[in-house]
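Comments concern the structure below.
Values below: all heavy atoms of this structure, side chains included; hydrogens, waters and symmetry mates excluded. Atoms within each ligand, like the ligands themselves, are counted from 1 in listed order.
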Amino acid sequence: MQASKQAGASSGVSVTVGNLKGGTGKSTTSVYLALALAKRGGRVLLVDADDTNATAYSWVEMAGEEWPANIIVQRWPTLHVGRLVSDNKGTFDHVVIDTGRDPAVLRSALHVTDMFLLPMAPTMPEVARLQDTLNAASEVGAIKELDLAILLTKARAGTRSARDVRAHLKDGMELPVLDTEIPLSERYAQSMGSVPPLGFYGSVLSEVIARKEAR
Ligand SMILES: Nc1ncnc2c1ncn2[C@@H]1O[C@H](COP(=O)(O)OP(=O)(O)OP(=O)(O)O)[C@@H](O)[C@H]1O
Ligand SMILES: [Mg+2]
């Protein structure tokens, strides 16, 4: 226990999961990431900061006894989420904040985490909606170092659209995109309220940790 605490002090992961567009896989990503972190040991603070729907919070409630004891969920859908996290993160090794559609809440969360993970489907309509989120984040990025990484979710394996969108984001827009993609699959769509196997989110966490270590 003590060893994991010490490791956490130096290698703790803190991530805001955000995209101002709805339904892009933010809550699913937040919950799986918290589960992946908890599996490696240490205490995880999972914050549900979405003021319109409390998907992450409800997920944990539905899981009940099955839910790992080392992940504590808090529902803080407020502009003060950043301060609440700062005040409480001392007893945790890792922090994951799930956000919703309010840019001010997103900014508040970004102020207190190292990484900004942006889930989106690899489609041109989702690319077209990206700018609002990037604008909101850039206000925080101007003040502090913020490691942005896009996570392609709900990807249809091997399709041209996924490849084209990845190339457009990376080469055209010069945005960082994780190598791991989360496939469009019932296994993720049906997992709400359970403690599912990590699937591709295990690789997402490995990439998140590698990015942190490279900084
Ligand atoms: N990889 C996936 N494959 C298939 N369905 C998925 C996948 N990831 C998420 N979903 C489903 O897509 C829907 C939206 O996912 P989720 O709630 O995680 O997105 P969100 O960005 O948090 O949405 P909101 O903006 O409404 O909070 C859910 O029904 C979820 O089960
Ligand atoms: Mg959500």
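Checking side-chain atoms of Ser108 against main-chain N and O of Leu79 turns up a donor-acceptor pair under 3.5 Å. When atom types are taken as modelled, the side chain of Lys26 and the backbone of Gly100 share no donor-acceptor pair closer than 3.5 angstrom. Of the possible polar contacts, none joining the Thr28 side chain to the Gly25 backbone as a donor-acceptor pair under 3.5 Å is found. Side chain of Asn70 to backbone of Ala38: a donor-acceptor contact under 3.5 angstrom is found. Judged by distance alone, with hydrogens and angles left aside, the side-chain atoms of Glu181 form no donor-acceptor pair with the main-chain N or O of Leu151 at under 3.5 Å.
Each of Thr99, Ile97, Leu106, Val96 was compared with Val17 under the side chain to side chain contact (heavy atoms under 4.5 Å, CB included) criterion, and only Val96 meets it.
In terms of N/O distances under 3.5 Å, ligand 1 is approached by Thr24. For ligand 1, the polar-atom distance check finds an N/O of Asn53 within less than 3.5 Å of one of the ligand's N/O atoms. Polar contact check, Ile182 against ligand 1: no nitrogen or oxygen pair lies under 3.5 Å apart. Polar contact with ligand 1: absent for Gly22 (N/O pair, distance under 3.5 Å). Polar contact with ligand 1: absent for Lys21 (N/O pair, distance under 3.5 Å). For ligand 1, the polar-atom distance check finds no N/O of Leu184 at less than 3.5 Å from any of the ligand's N/O atoms. An N or O contact shorter than 3.5 Å links Ser27 to ligand 1 by distance.
When hydrogens are left out, the protein atom nearest atom 3 (N) of ligand 1 is Ser185 N, 2.9 Å; that is the closest non-hydrogen contact. Nearest protein neighbour of atom 2 (C) of ligand 1, counting heavy atoms only, is Tyr188 CB, 3.5 Å. Given atom 24 (P) of ligand 1, the protein heavy atom at minimum distance is Gly23 N, 3.5 Å. Taking atom 30 (C) of ligand 1 as the reference point, the nearest protein heavy-atom neighbour is Thr28 OG1, 4.0 Å. Lys26 N, 3.4 Å is the protein heavy atom nearest to atom 20 (P) of ligand 1.
Of the protein's heavy atoms, none falls inside 4.0 Å of atom 28 (C) of ligand 1.
The residues Asp147 and Arg211 are annotated as salt-bridged, a charged nitrogen and a carboxylate oxygen being separated by less than 4.0 angstrom. Arg75 and Asp48 are joined by a salt bridge, as a carboxylate oxygen and a charged side-chain nitrogen come within less than 4.0 angstrom of each other.
Heavy-atom proximity to Pro183, at under 4.0 Å, picks out these atoms of ligand 1: 1 (N), 2 (C), 3 (N). For ligand 1, the atoms sitting less than 4.0 Å from at least one non-hydrogen atom of Asp50 are 27 (O), numbered in the order shown with element in parentheses. For ligand 1, the atoms lying closer than 4.0 Å to a non-hydrogen atom of Ala189 are 4 (C), 5 (N), 31 (O).
Enclosure of atom CZ in Arg215 by more than 12 non-hydrogen atoms of other residues, nucleotides or ligands within 6.0 angstrom is indicated. Within a 6.0 Å radius of CD in Glu174, other residues, nucleotides and ligands contribute 12 heavy atoms or fewer.
Looking at Asn135 and Glu139, their side chains never bring a donor and an acceptor atom within 3.5 Å of each other. Side chains of Thr16 and Thr113: a donor on one and an acceptor on the other come within 3.5 Å.
The count of protein N, O or S atoms under 2.8 Å from the Mg ion (ligand 2) stands at 1, with waters excluded from the count.
Aromatic rings of Phe200 and Tyr32 (six-membered ring for Trp) have centroids beyond the 6.0 Å cut-off, not under it.
Linking ILVMFWY residues whenever their side-chain heavy atoms come closer than 4.5 Å, directly or via other members, places Leu169 and Leu20 in the same cluster.
Comparing Arg156, Lys154, Arg101 against atom 10 (N) of ligand 1, the shortest heavy-atom distance belongs to Lys154. Selection from Gly18, Gly25, Ala155, Ser30 by nearest heavy atom to atom 19 (O) of ligand 1 gives Gly25.
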Between Leu117 and Leu33, does a side-chain contact (heavy atoms from CB on, under 4.5 Å) hold up when you go through it step by step?
-> CA-CA 11 Å; Leu117 190 59; Leu33 202 54; 3.9 Å; yes
